[in-house]
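Right, one structure below, let's go through it.
Per chain, numbering begins at 1; letters A, B, ... match sequence-line order.
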Amino acid sequence: MKCFRALILILVGVTSLHADVTFDRIVKAGQEPQNWLTYSGNLNSQRYSLLDQITPANVKGLELQWVLQVRTLTGADKWEATPLVVDGVMYTTRPPNEVVALDAATGRIFWTYTHTPSQATRVCCGRVNRGLAIVGETLFLATLDARLIALDARTGRELWNIQPDGVAPELGYSFTSAPLVVKDKVLTGPAGGEYGIRGFIAAFDAKTGKEAWRFNTIPGPGEPGHETWTETTWQHGGAPIWLTGSYDPDLNLTYWGVGNPGPDWNGQDRPGDNLYSDSVVALDADTGKLKWHYQFTPHDEFDFDSVQIPVLADIRWQGAVRKVMLWANRNGLWYVLDRATGEFLSGKPLTQVNWMTGFDAKGRPNKILGPTVEGTRVYPNNQGATNWYSPSYSPSTGLFYVPCWMDTFSVYRKDPKGVEYREGQQFTGITPQLQIPSMVPRATNTRLPEEGYGAIQAVDPTTGERKWLFKMTDVTDSGVLTTATDLVFAGGREGYFYALDAKNGNLLWKAMVGGQVASGPITYAVGGRQYIAFNAGNAMFVYALHR
Amino acid sequence: MRIYVALTFITSFVSPCGLFAQHSYLPSDIDDGRRIYETSCGTCHGAFGDAVPGIDLGRGQFRRAKSDEDLVRIIRSGIRDTTMPPFNFNESQATMVVAYLRNMTAMPVDRNAPIEVLGPPGDATRGKVIFEGKGKCLTCHWTNGAGNITGPDLSSLNGGRGRRSPAELRRSLLEPNAEVRPENRTIRVVTKSGATSTGNLLNQDTDTIQLLDPKLGLASFMKADLKEFELVPSPMPSFKGLLTDQESADVISYLLSLK
């Protein structure tokens, strides 16, 4: 095995290997597929790569190259981070808030930076961090105790470390997602929907950390949408942010999915549509002003966060190319929206859905179910038909690939006494009866396929049809990666990691790695060699072709 | 803030002067205990024994131990439900560690450091001016979010695991190559084709070397692809003769004032 970093050095002589990651490079990230410059690989969040060394014909030759272990995972922790790769250097996070820089070809560590979250930190669902953002030579880490930290990418040294106004870990505010860089700003927002926070999306100056603008995902008095809440319910209504948004440079709009309203399962405590919970919001990237919104699940009572990745694609729609947004939602439906206007174009079920019966002309769902005292069975289940697991769109096949929990349900019970908000305490209602464990997978699986199963499915945005479905016995928390050679990479809770044929879903290769895949796979290249990387259980696994 | 660079002269015989010490220990036991401490205990408790909040091993501030026997037992058995693990030491080895704990405030961390009876008091405010001006220290060094990446980060020399004594800093200032910490070593590699790279050694294993070259950034090399690789002297210049004793003390005071 040769050292490709050294090889480059030989070829280019003593010149700079570490060019600044300018925002222009990030906008054109698709043109340098050897790198992975944002959480979703590209600002359009397609998680699609032009790398073509690994093909359906040779994918069986993939071999494990190196492994990176986490230090500890406890309780509901999962390693959900997606790494960044910049010119042969990989940057990733390990739970709870450690940043690691390593040689992407060998896995050897350059440096680590450790932030120990405050003991006041409250998280609903494990000490999760999904990754970093980069611009210039600065990395950005958003922490579990709701701090935003800038690091020198060369050394791991801290440049600035701020706590945004109004957030406090003891109130349940935390940051779990990878930030998004747009121009000279770093965008992120807080998780904490289960603790009665008031969500927002904010932009911070990348040089100083100074807040430039803030969009409250629950409108305050006098703001449009405030009327969808009552009295004081808006103050603790949740609507958190816990996945990374997207950006369209032509429209200068940044798109973010917003989480569920609180209390999660006691909707009678907060009558109204509860904007902008369970919505996608399109914001002016320079000012944070709302351009449009679409609410997937008005007055949600099932914890159907709509934080999923907004996938931007230009597709043929009824005979003309149209700028659309593809959205696979936790509520069991997948959508096509016009991303310039927010116009609803299509909504189709990914799996069995019984809480609604269809849409009106503007795309508002006809909701027919809600929690009852005796219990209401709702499809899909509380964890949704899909969730934080990144989907992928392939411009090569024109298909949208979605990791799914198929035909699962939960039983929701209303608490007639209502739920009282108490600072820093869970603000949810009666936890639904889950058919499938939501956070910590059991070591064994005894469910029958008709009791719910996992799948990767490919759907056609132009027709709304499902093209194929790859079935797994257990469910999946894995993201999906597609490549220009029409490969689909994904995994599942069973510990398998798969390569599928993107055209028909045929299994081409699989590896057993012994831990649930709970992150989005990526691909990158160093010294002309293509690698596939993903996290499973307590480790990151990196594969490349035998040579 | 004023720091007095004053260290007690240590003779060949070390008396049991730690607080609450209950036994006399031989200098050889104390010295052996120091070596065990530095390899096994210092990673968590720090060079000065005060890196764990609420505990100051060198000053007899413990949470649970009231006697030397308690300390020996805790070292060997650990403390359940805490991060203090049991160590596979025999009683004699654990006793040596206790011997060192009971004397660590009387011993310089760097046994080779020149012993000074008394240095001039330093002034941190003056030191900052010298550090950023005449000393041109930020040409290479980094403090509190700014500076250069060539040299070590000097932001936290007064706390935690990175803590340095005034004597260590004085020596680094005047004789920078007398002792270079492992994390501050400079390595030069030459590839088989003759290309060179020089920078801070970050990591190495049987097959590879990782370094931070100020010109190239983070770089990783397979040893098999290298013609040679070697540690080279620190680029840190000696400030002997460039700074007066007073100015050196001022700079040290400034560095130890940073948090």
*Under the side chain to side chain contact (heavy atoms under 4.5 Å, CB included) test, residues paired with A/K183 that sit two or more places apart*: A/F23, A/Y247, A/N252, A/D286
*Output the residues of residues 145-155 of chain B for which the shortest heavy-atom distance to chain A is under 4.5 Å, in residue-number order; output 'none' if no such residue exists.*
B/G145, B/N148, B/I149, B/G151, B/P152, B/D153
_Counting only non-hydrogen atoms closer than 4.5 Å, does A/W160 touch chain B with its backbone (N, CA, C, O), its side chain (CB onward), both, or neither?_
neither
*Can you name the residues that form a side-chain hydrogen bond (donor to acceptor under 3.5 Å, both in side chains) with A/T82, not counting sequence neighbours?*
A/R47
_Distance in Å, A/Y543 OH paired with A/E63 CD, rounded so as to fall on 0.5 Å steps_ = 10.0 Å
*Go through the structure and list residues passing side-chain hydrogen bond (donor to acceptor under 3.5 Å, both in side chains) with B/E183, not counting sequence neighbours.*
none
*Under 4.5 Å heavy-atom distance to chain B, tell me which part of A/N161 shows up: side chain, backbone, both or neither.*
neither
*Return yes if a side-chain donor-acceptor contact under 3.5 Å exists between A/R529 and A/Q34, otherwise no.*
no
*Salt bridge between A/R94 and A/D77, side-chain N to carboxylate O under 4.0 Å?*
no
*Is the shortest side-chain N to carboxylate O distance from B/E132 to B/K128 below 4.0 Å?*
yes
*Identify which part of A/A150 has an atom lying under 4.5 Å from any heavy atom of chain B, answering side chain, backbone, both or neither.*
neither
*Looking at B/L211, B/T208, B/L212, B/D205, which one has more heavy-atom pairs under 4.5 Å with chain A than the rest?*
B/D205
_For A/T22, is there any backbone N or O sitting under 3.5 Å from a side-chain donor or acceptor partner on A/D20?_
no
